[in-house]
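Written below as C-alpha cells is the structure these notes are about.
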Amino acid sequence: MDVKNLDSVSREKQKAILNNVIFRCMIENHMTLENLDEACEVIREIYRKNAILTSSLRE
C-alpha cells in the first residue's frame with residue numbers, strides 16, 4: 001500500500017469519526033442543519049485565526 005493510499009484511508013477514517021460525533025450531538029440536542037451551518041462557520045473562523053497567529057509567531 002503506497003503513502004497516497006494510506007493518507008486516503010486515514011482521511012476517510014477521520015471523516016467517519018467526525019461525522020459520527022457531529023451526528024450524535026445533533027440528534028441528542030435536537031439540532032437542525034442551520035445549527036450545523038452556523039457551527040461550521042464558527043469553526044472555520046477559529047481555524048483561520050489560528051493559522052494567522054501561528055504564521056505570525058513563526059516570523
Side-chain angles (χ1 to χ4, degrees):
M1 197 178 274
D2 60 34
V3 174
K4 190 174 183 181
N5 194 19
L6 282 173
D7 185 48
S8 176
V9 170
S10 176
R11 289 178 64 119
E12 286 299 316
K13 285 183 181 179
Q14 290 172 336
K15 185 170 57 174
I17 291 167
L18 185 57
N19 287 341
N20 289 335
V21 171
I22 291 170
F23 182 70
R24 253 185 271 120
C25 179
M26 289 181 71
I27 294 296
E28 290 170 2
N29 294 288
H30 310 287
M31 294 178 171
T32 65
L33 290 175
E34 184 177 340
N35 298 131
L36 178 61
D37 289 340
E38 292 168 356
C40 285
E41 280 304 313
V42 170
I43 297 299
R44 282 186 188 97
E45 187 61 28
I46 290 169
Y47 266 75
R48 279 188 210 107
K49 287 179 181 178
N50 187 46
I52 291 168
L53 288 172
T54 302
S55 67
S56 67
L57 291 175
R58 289 182 186 165
E59 295 175 357

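Under a hydrophobic clustering in which Ile, Leu, Val, Met, Phe, Trp and Tyr are joined whenever their side-chain heavy atoms come within less than 4.5 Å, directly or via other members, Met31 and Leu18 fall into the same cluster.
In this structure, Asn35 contributes its side chain and Thr32 its backbone to a donor-acceptor pair below 3.5 Å. Asn50 places no side-chain N or O within 3.5 Å of a backbone atom of Ile46 that could act as its donor or acceptor partner.
Side-chain atoms of Glu41 and Glu38, non-hydrogen and from C-beta on, never get closer than 4.5 Å to each other.
In summary, the side chains of Ser10 and Asp7 do not present any donor paired with an acceptor at a separation below 3.5 Å, with no hydrogens or angles considered.
When the options Asn19, Ile27, Val21 are evaluated for a side-chain contact (heavy atoms from CB on, under 4.5 Å) with Phe23, the one that passes is Ile27.
More than 12 heavy atoms of other residues, nucleotides or ligands lie within 6.0 Å of CD in Glu45, so this atom counts as buried by the packing criterion. Within 6.0 Å of CG on Leu33 lie no more than 12 heavy atoms contributed by other residues, nucleotides or ligands.
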Test side-chain contact (heavy atoms from CB on, under 4.5 Å) on Lys15 and Arg11 and set out the steps. CA-CA 6 Å; Lys15 185 170 57 174; Arg11 289 178 64 119; over 6 Å; no
